[in-house]
Enquirer: 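The structure under discussion is supplied below as structure tokens; questions concerning it will follow.
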Amino acid sequence: MGNRGDRTEDFLAEVCVEFAFLVEEAGFSGPERIDHGLRFHSDRLDVEVWFLDVHEPEVTTRIAPASSDGVRPRGVWLEELYVMSGCGPPQDVPGSAPTRRATLKRVHQQAAALRRLMPQLLSAEGPQLIARCLRG
């Protein structure tokens with residue numbers, strides 16, 4: 001049980017490094033600590049990177065339109081957006097994280113996928129892409 005805290009801290013540190021491009025290049029603020037991970041915020045989007053340390057641990061990234069009224073809008077999983085946008089197959093955005101090494105690798109892979117998707121998300125078509133995913 002003692003390793004769970006260390007693994008979570010390793011996850012958080014890795015997210016700060018791998019997702020720093022959001023702050024440095026895309027104008028996001030953060031990261032801000034949330035229940036399952038970290039959130040990055042811009043005037044248009046919220047990006048949350050979660051580590052779910054459950055029976056089958058998982059790293060996942062959620063993207064949602066930013067809310068101006070304080071009501072948290074529904075988000076879309078990075079894997080769905082990545083595939084729907086034509087960036088690549090779902091295998092590019094794996095989530096399974098059974099070990100510390102796998103957890104850190106998943107953070108790296110999800111950051112790479114988001115970096116590839118970010119130009120579309122920040123373009124005029126970004127909101128429509130998210131809306132299409134939400135409609136399913």
Side-chain angles (χ1 to χ4, degrees):
M1 291 279 217
N3 286 343
R4 286 181 184 252
D6 294 341
R7 190 157 149 202
T8 298
E9 291 306 313
D10 290 347
F11 160 80
L12 294 170
E14 193 72 4
V15 169
C16 288
V17 170
E18 293 294 327
F19 285 80
F21 72 91
L22 290 172
V23 176
E24 295 167 359
E25 300 169 21
F28 281 70
S29 62
E32 160 193 354
R33 183 77 190 256
I34 56 173
D35 286 342
H36 299 291
L38 295 172
R39 176 185 299 132
F40 297 85
H41 176 76
S42 77
D43 59 338
R44 297 178 63 191
L45 295 172
D46 283 337
V47 174
E48 297 178 353
V49 188
W50 297 359
F51 175 55
L52 303 173
D53 194 8
V54 292
H55 178 66
E56 294 182 20
E58 180 179 9
V59 171
T60 190
T61 302
R62 179 183 171 274
I63 298 144
S67 170
S68 59
D69 61 6
V71 176
R72 191 169 146 188
R74 281 184 47 208
V76 179
W77 300 117
L78 173 59
E79 177 185 333
E80 294 174 60
L81 280 170
Y82 187 83
V83 172
M84 183 171 276
S85 70
C87 284
Q91 294 84 352
D92 288 354
V93 194
S96 177
T99 65
R100 177 190 175 279
R101 182 175 176 205
T103 300
L104 301 180
K105 184 175 182 177
R106 297 307 175 246
V107 170
H108 175 78
Q109 291 168 308
Q110 293 202 16
L114 182 59
R115 184 185 286 270
R116 185 167 183 200
L117 178 63
M118 193 55 68
Q120 289 183 53
L121 289 177
L122 295 178
S123 75
E125 75 178 51
Q128 292 86 8
L129 179 60
I130 292 171
R132 280 196 325 261
C133 283
L134 286 171
R135 285 193 298 269

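Numbers here are sequence positions counted from 1.
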Enquirer: Might you point out which heavy atoms bring Arg106 and Ser96 nearest each other, and give the distance in Å?
Expert: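 Closest pair (atom of Arg106, atom of Ser96, distance): NE-O, 2.7 Å.
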Enquirer: Donor-acceptor check, side chain of Ser29 to backbone of His41, threshold 3.5 angstrom: yes or no?
Expert: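 Checking the backbone N and O of His41 against the side chain of Ser29, a donor-acceptor pair under 3.5 Å is found.
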Enquirer: Under a single-linkage definition using a 4.5 Å side-chain heavy-atom cutoff for Ile, Leu, Val, Met, Phe, Trp and Tyr, are Leu12 and Val49 assigned to the same hydrophobic cluster?
Expert: yes
Enquirer: Would you say Gln120's side chain and Glu125's backbone share a donor-acceptor pair under 3.5 angstrom?
Expert: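 Flag not set: sc Gln120 to bb Glu125 has no pair under 3.5 Å.
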Enquirer: Identify whether Leu45 and Phe21 are in the same connected component of the hydrophobic contact network (ILVMFWY, side-chain heavy atoms under 4.5 Å).
Expert: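 Hydrophobic grouping puts Leu45 with Phe21.
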Enquirer: Distance from Leu52 atom CG to Glu58 atom CD, nearest 0.5 Å?
Expert: 5.5 Å
Enquirer: Mind listing the closest non-hydrogen atom pair of Val59 and Ala97 along with its distance?
Expert: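 So the two residues come closest at CG2-CB, 4.1 Å.
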Enquirer: For Phe19 and Arg115, run side-chain contact (heavy atoms from CB on, under 4.5 Å): C-alpha distance rounded to whole Å, both residues' side-chain angles, the deciding distance at 0.1 Å, then the answer.
Expert: CA-CA 9 Å; Phe19 285 80; Arg115 184 185 286 270; over 6 Å; no
Enquirer: Measuring from Arg39:CZ to Phe28:CZ, what's the distance to the nearest 0.5 Å?
Expert: 12.5 Å
Enquirer: Over 60° means perpendicular and under 30° means parallel, so classify the ring planes of Trp50 and His36, tilted if in between.
Expert: tilted
Enquirer: Give a yes or no on whether the backbone of Pro90 and the side-chain of Glu79 come within a donor-acceptor separation of less than 3.5 Å.
Expert: no
Enquirer: Verify side-chain contact (heavy atoms from CB on, under 4.5 Å) between Glu48 and Thr61, making sure each step is shown before the conclusion.
Expert: CA-CA 6 Å; Glu48 297 178 353; Thr61 302; over 6 Å; no
Enquirer: When rounded to the nearest 0.5 angstrom, what distance separates CG in Leu104 from CD in Gln109?
Expert: 11.0 Å
Enquirer: Write down the atom of Arg62, the atom of Arg74, and the distance for their closest heavy-atom approach.
Expert: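 Looking at all heavy atoms of both residues, the shortest contact is NH2-C, 3.6 Å.
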Enquirer: On a heavy-atom basis, which atom in Ala111 and which in Glu18 lie closest, and how many Å separate them?
Expert: CB-O, 3.5 Å
Enquirer: Compare every heavy atom of Val15 with every heavy atom of Leu38, then report the nearest pair and how far apart it is.
Expert: CD1-CG1, 3.7 Å
Enquirer: Taking Arg44 for the side chain and Leu122 for the main chain, is one N or O donor matched with an acceptor at less than 3.5 Å?
Expert: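 Yes.
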Enquirer: Assess the pair Phe51 and Phe11: is the distance between their ring centroids shorter than 6.0 Å?
Expert: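 Yes - the distance between ring centres of Phe51 and Phe11 falls below the 6.0 Å cut-off.
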Enquirer: If you round to the nearest 0.5 Å, how far is CD of Glu80 from SG of Cys133?
Expert: 5.5 Å
Enquirer: Can you see which heavy atom on Cys16 is nearest to which on Pro31, and at what distance?
Expert: SG-CG, 3.7 Å
Enquirer: With side-chain contact (heavy atoms from CB on, under 4.5 Å) as the test, would you mind laying out the steps for Leu129 and Val76 before giving the verdict?
Expert: CA-CA 10 Å; Leu129 179 60; Val76 179; over 6 Å; no
Enquirer: I want to check something: taking the side chain as every heavy atom from C-beta on, are Pro65 and Ile130 in contact at a cut-off of under 4.5 Å?
Expert: yes
Enquirer: For Arg101, I'd like to know if atom CZ has over 12 heavy atoms of other residues, nucleotides or ligands within 6.0 Å.
Expert: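 Open.
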Enquirer: Do Met118 and Val17 share a hydrophobic cluster (ILVMFWY, side-chain heavy atoms under 4.5 Å, transitive)?
Expert: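 No; tracing contacts between hydrophobic side chains, which count when under 4.5 Å, never links both residues.
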Enquirer: side-chain contact (heavy atoms from CB on, under 4.5 Å), that's the test. Do Ile63 and Leu114 meet it? Break it down for me.
Expert: CA-CA 10 Å; Ile63 298 144; Leu114 182 59; 3.8 Å; yes
Enquirer: May I ask whether Leu78 and Met84 are part of the same hydrophobic cluster, defined by side-chain heavy atoms of I, L, V, M, F, W, Y residues being less than 4.5 angstrom apart, directly or through others?
Expert: yes
Enquirer: Count the heavy atoms of every other residue, nucleotide or ligand shown that sit under 6.0 Å from CD of Gln128, and state whether that count exceeds 12.
Expert: yes
